[in-house]
Enquirer: 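One structure, pasted below without further comment.
In what follows, every chain begins at residue 1, and chains take the letters A, B, ... in the order their sequences are listed.
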Amino acid sequence: MAFWLFKTEPGCFSFDDLRNCPDMTEHWDGVRNFQARNFLRDQVQVGDRVLFYHSNIPEPAVVGLAEVVRAGYPDFTALDPDSEHFDPKASPQNPIWYMVDVRYLEALPRPVTLERIKTNPLLAAMPLVSRSRLSIQPVTADQWHMILSMGGMKTP
DNA sequence: GCCAACGTTGGC
DNA sequence: GCCAACGTTGGC
C-alpha cells in the first residue's frame, strides 16, 4: 500500500464534496499534467491512502484522508466536448489522460496547513514544498504518519 | 491581483 | 532537439 497527496481547489471540488457524494466515492478526473497522469496510470493502486489537500485558498492545507477504490483507467471527461477538461487529442484508442476513484475516509481533527508543513524540517522533502504545482504526489510512510500526527490523529 | 515557477507548444 | 514564447498553477 502506498501513500499519495492529491491536490484540489475546494471551489472546484472539496473534501466535503467528496463526503457528500453517493457512497462517498468520486472520480478523480481532470488531471492534465503528464507526470501526475503517469502516477495515476501506472502507480496508484486500490487500497492506497490519500492526503486530501486544498490549494489556491488563503490557508492551503491537508484537510483529510481518502482511499483509492479503483486504479487508473481512462478519464472520459477528456472525450466529452462539453466538459471543461475536454482534450481534442484524446480518443478511445488513445485516451491520453487517466483517473482513479477515491472514497472519503475521515477528516483530520486539525487541518495541517502548508505553513506548518513548510516549517517542519522532517517534511522538507515533500514535493509540496518544492514542487507545489504537481497535483498528484507520492508521500513516504514517514511523511504520512507525521502529517496525521500533526493533524491530531492517533497513529499506531 | 501579482508574479515566480514550471510545463507545454511550436518554429527552426 | 533546442529554446523562446506562452499558458497555467498556486502561494502570497
Enquirer: From B:dT8, C:dG11, B:dC6, pick the nucleotide closest to the side chain of A:L114?
Expert: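 The answer is C:dG11, which lies nearest to the side chain.
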Enquirer: Identify whether A:M150 and A:V129 are in the same connected component of the hydrophobic contact network (ILVMFWY, side-chain heavy atoms under 4.5 Å).
Expert: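 Same hydrophobic cluster.
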Enquirer: Whole angstrom is fine here: how far is it from CE in A:M126 over to P in C:dG10?
Expert: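 Answer to the nearest Å: 14 Å.
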Enquirer: Heavy atoms from C-beta onward define the side chain here; which of B:dC6, B:dG7, C:dG10 lies closest to that of A:N56?
Expert: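 The closest nucleotide is C:dG10.
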Enquirer: Test side-chain contact (heavy atoms from CB on, under 4.5 Å) on A:W28 and A:T8 and set out the steps.
Expert: CA-CA 10 Å; A:W28 200 271; A:T8 176; 4.0 Å; yes
Enquirer: Would you say B:dG7 has OP1 or OP2 under 4.0 Å from some side-chain N or O of A:R131?
Expert: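 Yes, such a contact exists.
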Enquirer: Heavy-atom count around A:E115 CD within 6.0 Å, excluding the residue itself: above 12?
Expert: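 Check fails, neighbour count at 12 or below.
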Enquirer: Looking at every heavy atom in both A:L128 and A:I117, which two are closest together, and how far apart are they?
Expert: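 Looking at all heavy atoms of both residues, the shortest contact is CD2-CD1, 3.8 Å.
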Enquirer: Using a 4.0 Å heavy-atom cut-off across all strands, classify A:T8 as base, sugar-phosphate, or nothing.
Expert: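 No contact at all - A:T8 keeps every heavy atom at 4.0 Å or more from the nucleic acid.
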Enquirer: In whole Å, what is the span from the CG atom of A:D87 to the C1' atom of B:dG7?
Expert: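 Result: 15 Å.
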Enquirer: Counting only side-chain heavy atoms from C-beta out, which of C:dG11, C:dC12, B:dT8 sits nearest to A:F34?
Expert: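 Looking only at side-chain atoms, A:F34 lies closest to B:dT8.
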Enquirer: Rounded to the nearest angstrom, tell me the gap between atom CG in A:L134 and atom P in C:dG10.
Expert: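 After rounding, the gap between these two atoms is 9 Å.
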Enquirer: With sugar-phosphate meaning primed atoms plus P, OP1 and OP2, does A:P60 contact a base, only sugar-phosphate, or nothing at under 4.0 Å between heavy atoms?
Expert: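 If one applies the 4.0 Å heavy-atom cut-off, A:P60 turns out to touch the sugar-phosphate alone, with no base involved.
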Enquirer: Quickly work out the A:N33 CG to B:dT9 P distance and round it to whole Å.
Expert: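 It works out to 11 Å between those atoms.
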Enquirer: Does A:L65 form a side-chain contact (heavy atoms from CB on, under 4.5 Å) with A:L51? I'd like the steps, not just the answer.
Expert: CA-CA 5 Å; A:L65 312 180; A:L51 297 174; 3.7 Å; yes
Enquirer: The side chain of A:K118 is closest to which nucleotide in this list: C:dG11, C:dC12, B:dC6?
Expert: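 Shortest atom-to-atom distance from the side chain points to C:dC12.
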Enquirer: How many whole angstroms separate atom CG of A:L128 from atom C1' of C:dG10?
Expert: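 After rounding, the gap between these two atoms is 10 Å.
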Enquirer: Looking at A:Y53, does any N or O in its side chain come under 4.0 Å of the phosphate oxygens OP1/OP2 on C:dT9?
Expert: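 For A:Y53, the contact criterion (side-chain N or O under 4.0 Å from OP1 or OP2 of C:dT9) is not met.
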Enquirer: Given atom CD of A:Q137 and atom P of B:dC6, what is their separation to the nearest angstrom?
Expert: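 It is 12 Å, rounded to the nearest whole Å.
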Enquirer: Within less than 4.0 Å of OP1 or OP2 of B:dT8, is there a side-chain N or O belonging to A:K89?
Expert: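 False: A:K89 side-chain N/O out of range (4.0 Å or more) of B:dT8 OP1/OP2.
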Enquirer: Rounded to the nearest angstrom, tell me the gap between atom CD in A:Q35 and atom P in B:dA5.
Expert: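 Result: 18 Å.
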Enquirer: CD1 of A:I96 versus P of B:dG7: gap in Å, rounded?
Expert: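 So the two atoms are 19 Å apart, to the nearest Å.
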